[in-house]
Amino acid sequence: MAKKLKESDNQVFALGKENYKLLLIGFAIIVVGFILMVGGKSEDPSVFNPEIFSFRRITLAPMVVLFGFLFEIYAIMKKPKSEDN
């Protein structure tokens, strides 16, 4: 029984502290990308507003969101530094 307790004391998480910080940064990048997509609505519903097809909404925002997801993958896959060294 005592041996089992000693083994459980040495358990480590799969992700380190740095990984969680990177995950939060990636989440913030994704949120910024979605905020960039917001807007472009017309005040009058019968009038078309071509502003919905701006560079920011069609090109920049999806690229920022995609970068955020790729950053999240990196944050998960990054090997945490060993605390023994």
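Position 1 is the first residue of the sequence, and the numbers go up from there.
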- Query: According to a 4.5 Å side-chain heavy-atom criterion applied to Ile, Leu, Val, Met, Phe, Trp and Tyr, with indirect links allowed, do L70 and Y74 form part of one hydrophobic cluster?
  - Reply: no
Name each donor-acceptor pair under 3.5 Å that joins a side chain in residues 12-30 to protein atoms two or more places apart or in another chain, with its distance.
| unit_1 | atom_1 | unit_2 | atom_2 | d |
| --- | --- | --- | --- | --- |
| N19 | OD1 | G16 | N | 3.1 |
| N19 | ND2 | A75 | O | 2.7 |
| N19 | ND2 | K78 | O | 2.8 |

- Query: Are F67 and I76 in one and the same hydrophobic cluster, where Ile, Leu, Val, Met, Phe, Trp and Tyr link if side-chain heavy atoms are under 4.5 Å apart?
  - Reply: no
- Query: Hey, is CZ on F53 packed in by over 12 heavy atoms from elsewhere, all under 6.0 Å?
  - Reply: no
- Task: Give the cluster check for V64 versus V38: same hydrophobic cluster or not, with ILVMFWY residues linked at side-chain heavy-atom distances below 4.5 Å.
- Result: no
- Any residue meeting salt bridge (charged side-chain N to carboxylate O under 4.0 Å, His left out) with R56, in chain and number order, not counting sequence neighbours: none
- Message: Rounded at 0.5 Å granularity, tell me how far CG in N49 sits from CG in D44.
- Response: 11.0 Å
- Between G33 and A61, the two heavy atoms sitting closest are O-CB, 3.4 Å
- Do L36 and F71 sit in the same hydrophobic cluster, where Ile, Leu, Val, Met, Phe, Trp and Tyr count as joined when their side-chain heavy atoms come under 4.5 Å apart? yes
